[in-house]
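Before any comments, here is the structure.
For ligands, and for the atoms within them, numbers begin at 1 and follow the listed sequence.
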Amino acid sequence: QRCLQDPVSAYRFTGTVCRLTHPAAVVLNEKTTKVIEAAFQHAKYPSVKGEKSLLFVGRVTYGLENLEIHNLSIGRSAFELRAGEGIAMEISNVSAIFRGTIQYGYGSWLVNLGHSIDFEVDSQIDLGINPKLYCGKGKVAADTSDCYLNFHKLHLHLQGDKEPNWLKKLFTDFITFTVKLVVKGQICKEINKVANILADFIQDTAEDFLSDGDISVDIGITTAPVITANYIESYHKGLTKYNKTTAVISDSAFHPSHLTENRMLYFWLSDQVLNPLVTAAHQDGRFQLNITGAEITVSTQTVTFLHLETVLLSVTFSENGNFRSDASLDEVQSEFIREAVEKIGVPKVLSVLEVEITRVLDKQGTNLFDIENPEVLPRDGFVVIQMDFGFPHHLLVQFLKRTLQ
Ligand SMILES: CCCCCCCC/C=C\CCCCCCCC(=O)O[C@H]1CC[C@@]2(C)C(=CC[C@H]3[C@@H]4CC[C@H]([C@H](C)CCCC(C)C)[C@@]4(C)CC[C@@H]32)C1
């Protein structure tokens, strides 16, 4: 299913929503300088060659090779969420030294001369990027083509400055113009690559988190993310896949008012995501539980439990949380089952479910995230999971390793 243009109509097919508020973006932004550093260092600077014909005199050839970046340091990064537009980012006080080799020569019908010297350019740059988020191949993608570099300082040093001044004068403009052009082109291209690797990394991590064994969840997006001054919000299918069957969602009805803005990270999950997920887990034998040996007294009868599972399978819970039996049972049996379920079954199942959910969360690596005060809020037709978090350093290392592959 392709991305729907209109978010409101897309909400019907949206099983899960992720809202990242401004405080969360502040935490992520603290790592931006590391991401930008990776982009500068990972950029490849192509060689540049040119020649200029001089009438009746001959032609001058020149080229820039082996351009490398050294002594990179990134100042500070500031950002702003621009409603309905995107993210405005300013990375200031980027200082770096570019080193390379300049080839120059003179040729005519009479003589050909050539020489090369090493140069160093000491630079101070301010970087501006305005990422826009869009729907790219079913995932959130970033367009950072609105990218510019302001060079505050660009001092050229030729090899030991042993060369004559005329050479420096002749080539200073060429070298500084070419370094500006090559560096801007390569850095902005690298940043776009890194931004999309980051977006993919986050979505792949979320998809991996929701997959275990034969059960997986398709969190492809249903429409482009929405950006307000306070948050970034993405809309995902949330379709459970199990045994070659994929769940269907047609009217899950998300509304932005379902979420607040005082926590860092929100996940909105429709019951139409949770029900197929729990059903698949049950069919996959994840929730088998035998309770034997327990005794209860109903009226004057004491019955020993042999298999509560048998009793539970014949009991379903009604909408308001009370239970009703499937089969028509007489009064004593019905009371017996009520006691059995409420006094033994539910506490026992909850204690086991708590352990099982914690095991799954740990197995999926949740414990590796610095999650603070997570809350699970069941609502009518959906569940909200909200939390604060610290950005774990190991996650940045994992991401940068993927960037530098
Ligand atoms: C019991 C308590 C424990 C609970 C533990 C969690 C339980 C969760 C349960 C269910 C979860 C189910 C829902 C999962 C759906 C998640 C889908 C999901 O993965 O949603 C993500 C979609 C992409 C994105 C919008 C996002 C987050 C960050 C965004 C990125 C931030 C910066 C990125 C810029 C492009 C970087 C620019 C800087 C660069 C140097 C130029 C940006 C904006 C790209 C997009 C992502 C959320």
Side-chain angles (χ1 to χ4, degrees), residues 14-21 24-40 74 77 79 81 86-91 127-136 138-147 187-188 190-211 217-222 224-227 231-238 240 264-270 273-274 277 354 357-358 360-362 364-377 383-389 391 396 399-400 403:
T14 296
T16 181
V17 173
C18 179
R19 176 177 288 186
L20 195 81
T21 61
V26 168
V27 168
L28 292 176
N29 184 53
E30 286 161 11
K31 306 300 175 189
T32 299
T33 52
K34 290 291 175 207
V35 175
I36 295 292
E37 222 168 86
F40 267 88
I74 308 266
S77 163
F79 80 95
L81 298 180
I87 305 162
M89 303 182 74
E90 279 199 6
I91 295 96
L127 174 62
I129 319 161
N130 300 311
K132 291 180 175 49
L133 301 183
Y134 67 98
C135 179
K139 278 186 171 179
V140 175
D143 169 11
T144 62
S145 51
D146 183 357
C147 164
I187 290 300
C188 289
E190 198 65 25
I191 280 175
N192 195 59
K193 201 163 76 175
V194 161
N196 281 289
I197 292 173
L198 176 60
D200 280 352
F201 174 72
I202 292 166
Q203 296 169 89
D204 293 347
T205 304
E207 190 127 352
D208 293 346
F209 178 86
L210 289 167
S211 305
V217 179
D218 174 1
I219 55 166
I221 61 173
T222 56
V226 164
I227 294 183
Y231 60 75
I232 300 170
E233 192 164 79
S234 57
Y235 310 93
H236 306 263
K237 294 173 187 171
T240 300
M264 290 170 82
L265 180 61
Y266 295 79
F267 294 113
W268 179 96
L269 289 152
S270 164
V273 171
L274 292 170
L277 200 52
E354 184 182 316
I357 286 181
T358 303
V360 172
L361 286 174
D362 287 351
Q364 301 308 78
T366 316
N367 53 318
L368 299 174
F369 291 81
D370 306 340
I371 290 175
E372 293 152 18
N373 182 25
E375 294 174 280
V376 182
L377 311 173
V383 171
V384 173
I385 299 172
Q386 56 191 35
M387 65 198 82
D388 296 325
F389 66 88
F391 194 98
L396 180 68
F399 160 65
L400 292 176
T403 307

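In this structure, atom 35 (C) of ligand 1 lies nearest to the protein heavy atom A142 CB, 3.7 Å. Nearest to atom 31 (C) of ligand 1 among the protein's heavy atoms is L28 CD1, 3.8 Å.
Counting heavy atoms under 4.0 Å from ligand 1, residue I385 touches it through the side chain alone. Contacts between I87 and ligand 1, counted as non-hydrogen atom pairs separated by less than 4.0 Å, involve the side chain only. Residue contacts with ligand 1, taken as heavy atom pairs separated by less than 4.0 Å, involve L210 solely via side-chain atoms from C-beta onward.
Near A206, the atoms of ligand 1 lying under 4.0 angstrom from a non-hydrogen atom of the residue are 16 (C), 19 (O). Taking every non-hydrogen atom of V35 and a distance limit under 4.0 Å, the qualifying atoms of ligand 1 come out as 40 (C).
Ligand 1 lies out of reach of E207, whose nearest heavy atom is not under 4.0 Å from it. Contact between S234 and ligand 1 is present, with at least one heavy atom of the residue lying under 4.0 Å from the ligand.
Atom 12 (C) of ligand 1 is flagged as protein-proximal [any protein heavy atom, distance under 4.0 Å]. The nearest protein heavy atom to atom 42 (C) of ligand 1 is not closer than 4.0 Å.
In this structure the side chain of I197 reaches within 4.5 angstrom of the side chain of F399, judged on heavy atoms.
One option in V217, V140, I219 has a heavy atom closer to atom 23 (C) of ligand 1 than any other, and that option is V140.
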